[in-house]
Amino acid sequence: MAQDFYQVLGVNRDASERDISSAYRRLARQYHPDVTGGDRQAEERFKQVNAANDVLSDPARRAAYDRWGDQWEHAEQLEEMQRQNGGGFGLGGFGNRSFGGDPNVRVEFGDMGDIGDLGDIFGSFFGGQRAGAPPRPARGRDIEHSVNFSLREAFHGTTRTLQRGAGGSRLELTIPPGVSDGQRIKFTGKGEETGVGQSGDLFLNVQVDDDPVFERRGDNLLVPVDVPVTTAALGGEVAVRSLSGSGRLALRIPAGTQNGRVFRLAGQGMPRFRGDGRGDILAEVRLRIPEPLSPEQTELFRRLRQLEGDDQ
């Protein structure tokens, strides 16, 4: 029995794209082979999570899945059959069938009389083979490949060139911005080539390396900001590092800013993978004391301590 993709990710059928993305990232990290140490059950779970995300993270695929369940890949053929039969399949004797693991989603099979050989019909639509027909060319195998990206590459998008088998052709892949660690990207028809049959698919298992400056939190980026103690006390402007544009953003610090305070720069974080908009930059204040202190600075700090003592 085919698994329900919504159950695999642990989300409701009306879950938002953000809910699906969040559930996927959490499960992908939990069952990633680098974390589980090659546990076979965890590896199988990892594949199931990626397969579910491949469908539910794509609006068109998700719509097809919601309607046709485990036959979603044949949505166009199924809809064409409906059109040809006046809006109903008309497969007499088959009754009704539920799809997608949801008993409330059903397709009605009415009566259309003598429709001939059902094997011929489903064979033509779902890749079946009629008895006595010449064998169809074998489909190429799917290929799994792990690829490392830097956070900067994940931010801007990049390309990778792969060799398809020993002596095979070189394949250049375009990686969209916003890929996440543990993500699995499907490239249809980019797997093994047979020369006669349909090529298999290529699946890239993404690993994004840690960055020495930025800490990724979903679509947000946490970055430390050195703030002189005088600026924190009196207010002023500081520069925040960024992965886009000039690499620097201006941030206005209000007077009396404390160490560890976090400022949000909206829309300056990671691009959303195959989606609209970007996350935010979270700028965390780290107070900086001049080093070494000049004699004049030392005297000023002593005076400040005296004033603080007078206030206590």
Side-chain angles (χ1 to χ4, degrees), residues 9 17-39 42-43 45-50 52-54 57 144-162 172-187 202-227 238-251 259-275 277-288:
L9 294 183
E17 292 184 15
R18 184 178 292 274
D19 291 337
I20 289 171
S21 177
S22 177
Y24 165 71
R25 286 197 296 266
R26 174 177 54 81
L27 293 172
R29 287 181 180 276
Q30 179 180 350
Y31 294 107
H32 195 283
D34 289 346
V35 175
T36 58
D39 180 88
E43 183 178 351
R45 182 79 169 114
F46 180 70
K47 291 180 180 179
Q48 294 171 357
V49 167
N50 278 293
N53 183 67
D54 283 342
S57 64
E144 296 268 349
H145 195 87
S146 295
V147 181
N148 279 74
F149 300 102
S150 66
L151 184 61
R152 185 172 294 274
E153 288 178 313
F155 182 91
H156 293 284
T158 186
T159 61
R160 283 292 188 273
T161 301
L162 303 180
E172 184 171 282
L173 302 174
T174 299
I175 313 299
V179 293
S180 303
D181 186 54
Q183 188 171 351
R184 187 170 182 254
I185 309 175
K186 179 180 179 180
F187 293 86
L202 171 65
F203 294 90
L204 282 189
N205 295 316
V206 174
Q207 298 175 26
V208 179
D209 299 329
D210 291 337
D211 188 85
V213 175
F214 298 91
E215 178 185 336
R216 184 171 182 176
R217 295 184 175 180
D219 293 327
N220 298 330
L221 292 171
L222 179 69
V223 57
V225 181
D226 290 335
V227 179
V238 295
V240 179
R241 283 173 286 191
S242 169
L243 288 172
S244 62
S246 64
R248 297 280 174 174
L249 299 170
L251 173 63
N259 185 58
R261 181 173 176 180
V262 175
F263 293 89
R264 183 180 296 269
L265 284 73
Q268 298 296 330
M270 292 293 295
R272 295 189 174 93
F273 184 74
R274 290 177 177 165
R278 287 163 51 179
D280 305 329
I281 278 184
L282 308 176
E284 183 177 17
V285 171
R286 294 185 181 177
L287 295 186
R288 178 170 54 83

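All values below come from the heavy atoms of this structure, side chains included, with hydrogens, waters and symmetry mates left out.
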I185 vs F203 side-chain heavy atoms within contact, under 4.5 Å: no
Grab the two heavy atoms, one from R241 and one from F214, that are nearest each other, plus how far apart they are. O-CE2, 3.5 Å
Test side-chain contact (heavy atoms from CB on, under 4.5 Å) on L9 and L27 and set out the steps. CA-CA 8 Å; L9 294 183; L27 293 172; 4.2 Å; yes
Is there a side chain to side chain donor-acceptor pair (under 3.5 Å) between S22 and R26? Walk through the geometry before answering. CA-CA 6 Å; S22 177; R26 174 177 54 81; 5.9 Å; no
Heavy-atom distance under 4.5 Å between the side chains of R216 and L151, does that happen here? yes
Any chance you could measure D226, atom CG, to R288, atom CZ, to the nearest 0.5 Å? 6.0 Å
Presence of salt bridge, D54 and K186, under 4.0 angstrom: no
I want to check something: taking the side chain as every heavy atom from C-beta on, are D280 and L265 in contact at a cut-off of under 4.5 Å? no
Would you call R278 and P177 a side-chain contact if the rule is heavy atoms closer than 4.5 Å? no
Pairing of D219 and R272 as salt bridge, 4.0 angstrom limit: yes
Side chains of N148 and D209: closer than 4.5 Å at any heavy-atom pair? yes
With a 4.0 Å cut-off, would you call R217 and E215 a salt bridge? yes
Assess, by modelled atom type and distance only, whether the side chains of N50 and Y24 contain a donor and an acceptor separated by less than 3.5 Å. yes
Decide whether E144 and N205 meet the rule of one side-chain donor and one side-chain acceptor closer than 3.5 Å. yes
Only one of V285, N259, L251 forms a side-chain contact (heavy atoms from CB on, under 4.5 Å) with V227, so which one is it? V285
Check the pair R286 / R261 against side-chain contact (heavy atoms from CB on, under 4.5 Å), numbers first and verdict last. CA-CA 8 Å; R286 294 185 181 177; R261 181 173 176 180; over 6 Å; no
Please tell me if the side chains of V240 and V223 come closer than 4.5 Å, counting only heavy atoms from C-beta onward. yes
Which atom pair, heavy atoms only, marks the closest approach of V179 to F273? CG1-CE1, 3.4 Å
Decide yes or no for R29 and D181: does some side-chain heavy atom of the first lie under 4.5 Å from some side-chain heavy atom of the second? yes
Grab the two heavy atoms, one from S180 and one from R25, that are nearest each other, plus how far apart they are. OG-CD, 4.0 Å
Would E17 and S57 count as a side-chain contact (heavy atoms from CB on, under 4.5 Å) if you check the C-alpha gap in whole Å, the side-chain angles of each, and the deciding distance to 0.1 Å? CA-CA 7 Å; E17 292 184 15; S57 64; over 6 Å; no
With a 4.5 Å cut-off on side-chain heavy atoms, are L221 and M270 touching? yes
Exam field: side chain H156 to backbone L243, donor-acceptor pair closer than 3.5 Å: yes
